[in-house]
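The structure appears right after this line, and notes come after that.
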There are 2 protein chains.
Amino acid sequence: MSNKDIFIEKLKASGLRPTKQRIAICKLLFQRKDTFHFTINNLNNILKNSSVEKISLATIYNTIHVFKKKGYLKEISINSYKSYFDTNVTHHHHFFNESTNEIIDLKDSDVGKIKIKKVIPGKKIKTIEVLVKIENSN
Amino acid sequence: MSNKDIFIEKLKASGLRPTKQRIAICKLLFQRKDTFHFTINNLNNILKNSSVEKISLATIYNTIHVFKKKGYLKEISINSYKSYFDTNVTHHHHFFNESTNEIIDLKDSDVGKIKIKKVIPGKKIKTIEVLVKIENSN
DNA sequence: TAATTAATTTATAATGATTCTAAAGTAGTG
DNA sequence: CACTACTTTAGAATCATTATAAATTAATTA
């Protein structure tokens with residue numbers, strides 16, 4: 001199965017028709033080796049330059065939100081200034097480099113077991129997310 | 001020293017003149033036993049009802065941001081939809097109740113030691129923040 | 001205390017991100 | 001090919017936040 005076919009599958013599974021705009025977005029997001037952290041604004045800039053297709057902002061927002069709902073993308077909360085998305089949808093954690101505003105993935109296995117000693121009656125833990133803020137060590 | 005005097009001190013330390021609007025904001029934020037998690041919108045609503053003073057949104061934004069910069073308030077990143085502030089400025093963590101959107105403090109000592117097994121060359125860890133998402137266990 | 005100066009408050013405008021809308025275009029189906 | 005439903009798009013609408021500039025108030029000085 002070609003990459004393009006995989007993208008078409010992803011789109012169909014998300015209830016979206018495979019259009020050239022959406023396929024261009026898929027290429028940008030999923031045709032890469034490493035995980036990709038991005039903002040909508042990032043995506044828009046890259047697509048404006050790289051892609052042959054002219055893709056409107058509304059289409060980008062739409063597609064990203066559907067992928068997020070479907071679980072093909074994760075949204076990361078680092079700070080209130082920007083909204084980041086992540087192509088790594090496995091359970092994992094993040095470094096945030098406060099000197100450069102760069103996000104780096106931290107594998108689940110790179111974080112030791114976390115013990116939560118407080119229990120909230122009637123609630124159960126759904127997920128534990130760790131954000132490690134780093135800065136230049138000089 | 002009365003509460004009001006403490007508020008005046010806080011304001012002065014932040015480089016702000018003690019006006020009645022700012023003192024009303026201080027009362028709301030700091031005259032309480034438990035930590036307070038809020039959005040600007042929350043604050044505005046409470047002030048609109050509770051306080052004798054008419055306080056404009058611009059004043060609220062201004063004051064909150066100065067307090068944040070001074071370290072009298074912390075901003076918490078839970079999700080991209082809302083921007084929350086916290087009157088607890090010690091190092092600590094949070095539960096986020098996804099059923100109710102409620103934030104609950106988790107004391108530093110309620111979280112076991114966290115081992116980060118990955119090192120980023122040239123960077124040092126500034127802080128480690130844990131967000132525990134919970135839901136009804138029905 | 002009155003006068004002066006500088007900071008503050010406020011309503012409103014400006015901005016920026018995101019969402020909505022409705023007209024024009026395109027994919028899927030028979 | 002024709003039809004229908006889904007998409008795309010530009011631009012408008014909305015919402016949170018920030019900026020602005022005139023009116024008000026606090027602090028300072030005489």
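Order of the sequence lines fixes the chain letters, A, B, ..., with proteins taken first and strands second; residue numbering starts at 1 for each chain.
Note that B:Lys10 lies in the cation-pi zone of B:Phe30, set by a 6.0 Å cut-off to the ring centre and a 45° limit from the axis.
Between A:Asn42 atom CG and C:dT18 atom P there is a gap of 11 Å when expressed in whole angstrom units. Protein atom CD1 of A:Ile60 is 17 Å distant from nucleotide atom P of C:dC20, rounded to whole Å. For the pair A:Lys68 NZ and C:dT18 C1', the interatomic distance rounds to 13 Å; values are reported in whole Å. The CG-P distance, from B:Asn44 to C:dT9, rounds to 15 Å in whole Å. What separates CG of A:Leu16 from C1' of D:dT8 is a distance of 13 Å, to the nearest Å. When the P atom of D:dT9 is taken as reference, atom CG of A:Leu47 falls 11 Å away, rounded to whole Å.
A:Phe96 and A:Phe38 fall into different hydrophobic clusters, where Ile, Leu, Val, Met, Phe, Trp and Tyr are joined by side-chain heavy atoms under 4.5 Å apart, directly or via other members.
A donor-acceptor distance shorter than 3.5 angstrom exists from the side chain of B:Ser99 to the backbone of B:Asn136, with no hydrogens or angles considered. Put simply, the side chain of B:Arg17 never gets that close to the backbone of B:Lys12: no donor and acceptor are under 3.5 Å apart. Judged by distance alone, the side chain of A:Ser77 and the main-chain N or O of B:Ile78 form a donor-acceptor pair under 3.5 Å.
DNA chain C lies under 4.0 Å from at least one heavy atom of each of the following residues of residues 73-85 of chain A: A:Ser83.
At C:dT26, none of the side-chain N or O atoms of A:Gln21 fall inside 4.0 Å of OP1 or OP2 (strictly under the cut-off). For D:dT17, one of the phosphate oxygens OP1 or OP2 lies less than 4.0 angstrom from a side-chain nitrogen or oxygen of B:Tyr61. In this structure, B:His65 does not reach the D:dT17 phosphate: none of its side-chain N or O atoms is under 4.0 Å from OP1 or OP2.
Salt bridge annotation for B:Glu135-A:Lys123: absent, with no cationic side-chain nitrogen under 4.0 angstrom from a carboxylate oxygen.
Put simply, the residue from A:Asp34, A:Thr87, A:Asp86, A:Asp110 that forms a side chain to side chain contact (heavy atoms under 4.5 Å, CB included) with A:Asp105 is A:Asp86. When each of A:Ile134, A:Leu106, A:Val132 is paired with B:Ile120, the side chain to side chain contact (heavy atoms under 4.5 Å, CB included) condition holds for A:Ile134 and for no other.
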Scan nucleotides 10-12 of chain D against the protein and return all N/O pairs shorter than 3.5 Å with their distances rounded to 0.1 Å.
unit_1 : atom_1 : unit_2  : atom_2 : d
D:dA10 : OP2    : A:Lys54 : NZ     : 3.4

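Aromatic ring orientation, A:His65 versus A:Tyr61: tilted (interplanar angle from 30° to 60°).
Residue A:Ile40 holds its CD1 atom at 11.5 Å from CG of A:Asn45, rounded to the nearest 0.5 Å.
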Next item on the list: Determine, for nucleotides 21-30 of chain D in 5'-to-3' order, which nucleotides have protein heavy atoms under 4.0 Å from the base (write B), from only the sugar-phosphate (write S), or from neither (write -).
Entry: -----BS---
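Taking every heavy atom of both residues into account, B:Ile23 and B:Lys4 meet most closely at CD1-CE, 3.9 Å.
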